[in-house]
Protein chains: 2
Amino acid sequence: MITIKEIAKLANVSPGTVDRVIHNRKGVSEKTAQRIRQILKEHDFKVNRIAQSLAMKKKYTIAVLLPNHDEENQFWKNPLEGIQKAKEEVMSFGVDVKTFSFDQKSPKSYVASFELLLKTNPQGVVLVPTFKKETKELTKVLLKKEIPFIFLNIALTGHENLCFVGQDSFKSGYLAAKLMQLCLNENDHILTVHSRPNLSNVNNISQRIEGFDHYFKEQKLNNTNHKIEVEDFWDAEKFTEKIASLLQKQTKIKGIFVPNSRAHIIAKHIEGMRGRIPYLIGFDITDHNSRALIDGKITFLISQKPFQQGYRSVSSLSKFLLYKTPPQSEILSPIEIITKENLPNGQQKEYAIFP
Amino acid sequence: MITIKEIAKLANVSPGTVDRVIHNRKGVSEKTAQRIRQILKEHDFKVNRIAQSLAMKKKYTIAVLLPNHDEENQFWKNPLEGIQKAKEEVMSFGVDVKTFSFDQKSPKSYVASFELLLKTNPQGVVLVPTFKKETKELTKVLLKKEIPFIFLNIALTGHENLCFVGQDSFKSGYLAAKLMQLCLNENDHILTVHSRPNLSNVNNISQRIEGFDHYFKEQKLNNTNHKIEVEDFWDAEKFTEKIASLLQKQTKIKGIFVPNSRAHIIAKHIEGMRGRIPYLIGFDITDHNSRALIDGKITFLISQKPFQQGYRSVSSLSKFLLYKTPPQSEILSPIEIITKENLPNGQQKEYAIFP
DNA sequence: ATTTTTATCGTGTGCGCACACGAAATCAAT
DNA sequence: ATTGATTTCGTGTGCGCACACGATAAAAAT
């Protein structure tokens, strides 16, 4: 690995001049600049990132705004862990990461947390744009302050975000349909259980449903797809009543599609029923879902690698701040098919980074 | 992040002394050592890896020995790319990576490449122990020279290797069986096509078959499993003859299991046949397999993340050499289920590292 | 011709750490 | 008490780079 000093010697200039050329700083005559560029190319010079980050005294702050997690809704635990892992890694590079959380059901807490976030004077922001209208306000502020921002998990459009880190929800629903078809025979029926389109996550979940439906349309399959809306997954009485009556009426239902992370609840509620247990396809590897999968109550889970998503969001932004290299506009995580047989044991935190 | 110099000031000693304590070097009285250790703990001191690797003048060489790849057998392309990616990353840390390849069918080239490899005086070795007997000789040499080594992709036992990076072949075969079962009805038959147990890869492939068979035994399913041995996958005449006659005789065969990366050849050979195309389950995302998957000729591919495997083998070894932190004894990559619908577009080189 | 401005370049310092070298202090041997 | 051996510690340098500062040379203005 050739160094700046060596390049300088070859070009009969000082290291400072080479530095200027490398970073396109002014103060170098075009003649010598070209000569140096030539030598740099010839020797395939690459800056030593290690030395660079040691020498760079500039410090950055990245602020992250994401929903909090609890026992009932565990999904956001994994992205947070990915974010924290990334935080450890970028620390040595002079990047500090501060996280702020909000209540998924409260636009007010979303905005309030954002206000707090702003006070840290971040040079970059990662956010989960849960609320459409409010997000418009926030991004307006960020744009005015010229703070670059990344959307995590929810792909809102028309916001001049630096990039989106998440999954292709439509495709994942499409895949779910394919798997469902593999399980079913021609005349079997399907049940799609979705929660009332509440404030959050509307995008992802409705896109999954669209993808699912699209597959069956495209393949010209005519399995009947019953759809049911559940207001509160945990309202056992109403829930069981609704589901049970439907399943008893429609005995042809052989597969259930749950386009959110609460498949385990369905699993719980239908386990007592008589007759063959239907195939169940859900999303996300939460603890609850894992258990239901292991117990054979869920057939497939589709995972979106939330840990990696969290990780990538801050690592990409750090990279952008440090080296001005813009990330791809979409960083899509692979759509993973998880069964009882390939469920990763332990948390799936393939540590991404060296060391 | 507190620095050595600051610790030194707090302890009324010089930075050199703190350095000695941190690295357990001799030359410090027990009294002051304890005092310093106390302060280190109080302030949760962590060495700045960035500065450390810049200061460390010690250079390491890692040598990698793996099978070469060609048009016919593309599998080893991906691990190699992972290795090269890791090479770029660890370069800044003072680790050089040199790769050596051999012919998968020639134990002689295996040994010959190893001889060349030794001449680079590596401090660590990554190798794919394709040949059992010869490997015993090689590891004997490495042990005598006290060079740590890692097995990649093939898990030989009894070799005092530092660790194994690869997949759980038994489990992946087991998973293949589960998927097969999902596709089939009760009385359908299965065909397992495997190449003649030649010299290489015996381990992985036979373990996949064992896993596959074990699933059906365990689940007490009695789908008949026809087994066929093919000497040369590309010997079209013999091949088609064998397969075709079998498929025509056994019309109940509805699923084909190919426990190696050559499912695409089967796909090619059976496409002309009359009647319904059977379900086909194979391994590894090679270009050929991808195409067959997209064309709908392969139902499932099971992937072992070869890029990541290559990457992890050298990153783990580098970490060990640099910081003396031994890796886990087994680094198992997730067993991925790939269908037409979730095939990653482009190469799946989720760049693992920052930056 | 002299001064001022500007373009062009070299020098020096420090980031946090590893490590060689040597100084001081302590101890042992005579 | 003197010398020698040994333990204990401080100092200095360099890793490769960024960047501030200042020096020199060239151009422009007087």
Side-chain angles (χ1 to χ4, degrees), chain A residues 1-37 39-40 43-60 90-96 321-324 355, chain B residues 1-37 39-40 43-60 88-96 321-324 355:
Chain A
M1 238 176 142
I2 196 162
T3 71
I4 287 186
K5 216 192 285 178
E6 289 167 334
I7 296 280
K9 211 168 284 175
L10 290 172
N12 282 321
V13 292
S14 76
T17 306
V18 178
D19 174 76
R20 278 175 266 258
V21 172
I22 290 171
H23 296 88
N24 296 313
R25 282 191 262 269
K26 59 177 183 176
V28 182
S29 69
E30 190 50 36
K31 202 178 59 181
T32 56
Q34 287 214 331
R35 181 158 45 96
I36 292 174
R37 269 194 285 270
I39 297 176
L40 286 172
H43 292 78
D44 190 34
F45 174 85
K46 298 257 174 65
V47 285
N48 185 329
R49 295 286 197 201
I50 300 299
Q52 186 178 47
S53 43
L54 189 63
M56 283 223 281
K57 273 161 287 189
K58 193 155 174 42
K59 302 294 176 196
Y60 294 98
V90 298
M91 193 166 55
S92 297
F93 292 84
V95 179
D96 191 20
L321 293 176
L322 289 169
Y323 311 125
K324 315 295 171 215
Chain B
M1 241 175 139
I2 196 162
T3 70
I4 287 186
K5 217 193 282 181
E6 289 168 336
I7 296 279
K9 210 169 285 175
L10 289 172
N12 281 323
V13 290
S14 76
T17 307
V18 178
D19 173 76
R20 278 174 265 255
V21 172
I22 288 171
H23 297 89
N24 296 313
R25 283 190 260 269
K26 59 177 182 178
V28 181
S29 69
E30 190 49 37
K31 202 178 59 181
T32 55
Q34 287 214 330
R35 182 158 44 96
I36 293 173
R37 268 194 286 268
I39 297 176
L40 286 172
H43 292 77
D44 189 33
F45 174 85
K46 298 257 175 66
V47 284
N48 184 330
R49 295 289 198 198
I50 301 296
Q52 185 178 47
S53 42
L54 188 63
M56 283 224 280
K57 274 160 288 190
K58 192 155 174 44
K59 302 294 175 196
Y60 294 98
E88 284 176 33
E89 315 249 333
V90 299
M91 193 166 53
S92 297
F93 291 84
V95 178
D96 190 20
L321 293 175
L322 289 168
Y323 311 125
K324 316 294 171 216

Student: Can you name the residues that form a salt bridge (charged side-chain N to carboxylate O under 4.0 Å, His left out) with B:K46, not counting sequence neighbours?
Tutor: B:D44
Student: Please, which pairs that meet salt bridge (Lys or Arg N to Asp or Glu O under 4.0 Å) have at least one residue in residues 25-36 of chain A, sequence neighbours excluded?
Tutor: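 Those involving residues 25-36 of chain A are A:D19-A:R25, A:E30-A:R37.
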Student: State whether A:Y323 and A:R49 meet the cation-pi test: NZ (Lys) or CZ (Arg) under 6.0 Å from the six-membered ring centroid, and within 45° of the perpendicular axis.
Tutor: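 Relative to the ring axis of A:Y323, which defines the angle, A:R49 lies inside both limits.
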Student: B:V13 and B:V28: side-chain contact (heavy atoms from CB on, under 4.5 Å), yes or no, with the steps?
Tutor: CA-CA 11 Å; B:V13 290; B:V28 181; over 6 Å; no
Student: For the residue pair B:A51 and A:L54, what are the closest heavy atoms and their distance?
Tutor: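 Looks like CB-CD1, 3.7 Å.
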Student: Where along residues 19-32 of chain B does a heavy atom come under 4.0 Å from DNA chain D, residue by residue in number order?
Tutor: B:R20, B:G27, B:V28, B:S29, B:T32
Student: First and last nucleotide of DNA chain D in contact with chain B, 5' to 3', at under 4.0 Å to a heavy atom: what are they?
Tutor: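 Range of nucleotides within reach of chain B: D:dT8 to D:dG16.
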Student: B:K5: what forms a side-chain contact (heavy atoms from CB on, under 4.5 Å) with it, not counting sequence neighbours?
Tutor: B:T3, B:P15
Student: Does B:T17 or A:I50 map to a spot on DNA chain D nearer the 5' end, using the closest nucleotide for each?
Tutor: B:T17
Student: Could you check whether A:L54 gets within reach of a base, just the sugar-phosphate, or nothing at all, counting any heavy atom under 4.0 Å?
Tutor: base
Student: Between A:S14 and A:A8, which heavy-atom pair has the shortest distance, and what is it?
Tutor: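 Reported closest heavy-atom pair: C-CB, 3.6 Å.
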Student: Both A:A51 and A:A33 contact DNA chain C. Taking the nearest nucleotide for each, which residue is further toward the 5' end?
Tutor: A:A33
Student: Is there side-chain contact between B:V90 and B:L322, with at least one heavy-atom pair below 4.5 Å?
Tutor: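 SC-SC contact between B:V90 and B:L322 ruled out.
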Student: If the helix axis at each end comes from five base pairs, how far does the helix from C:dA1-D:dT30 to C:dC27-D:dG4 deviate from straight, to 10°?
Tutor: 60°
Student: Can you find a heavy atom in the side chain of B:I22 that is under 4.5 Å from one in the side chain of B:F45?
Tutor: yes
Student: How close do B:M1 and B:N48 get, heavy atom to heavy atom, and via which atoms?
Tutor: CE-CA, 4.3 Å
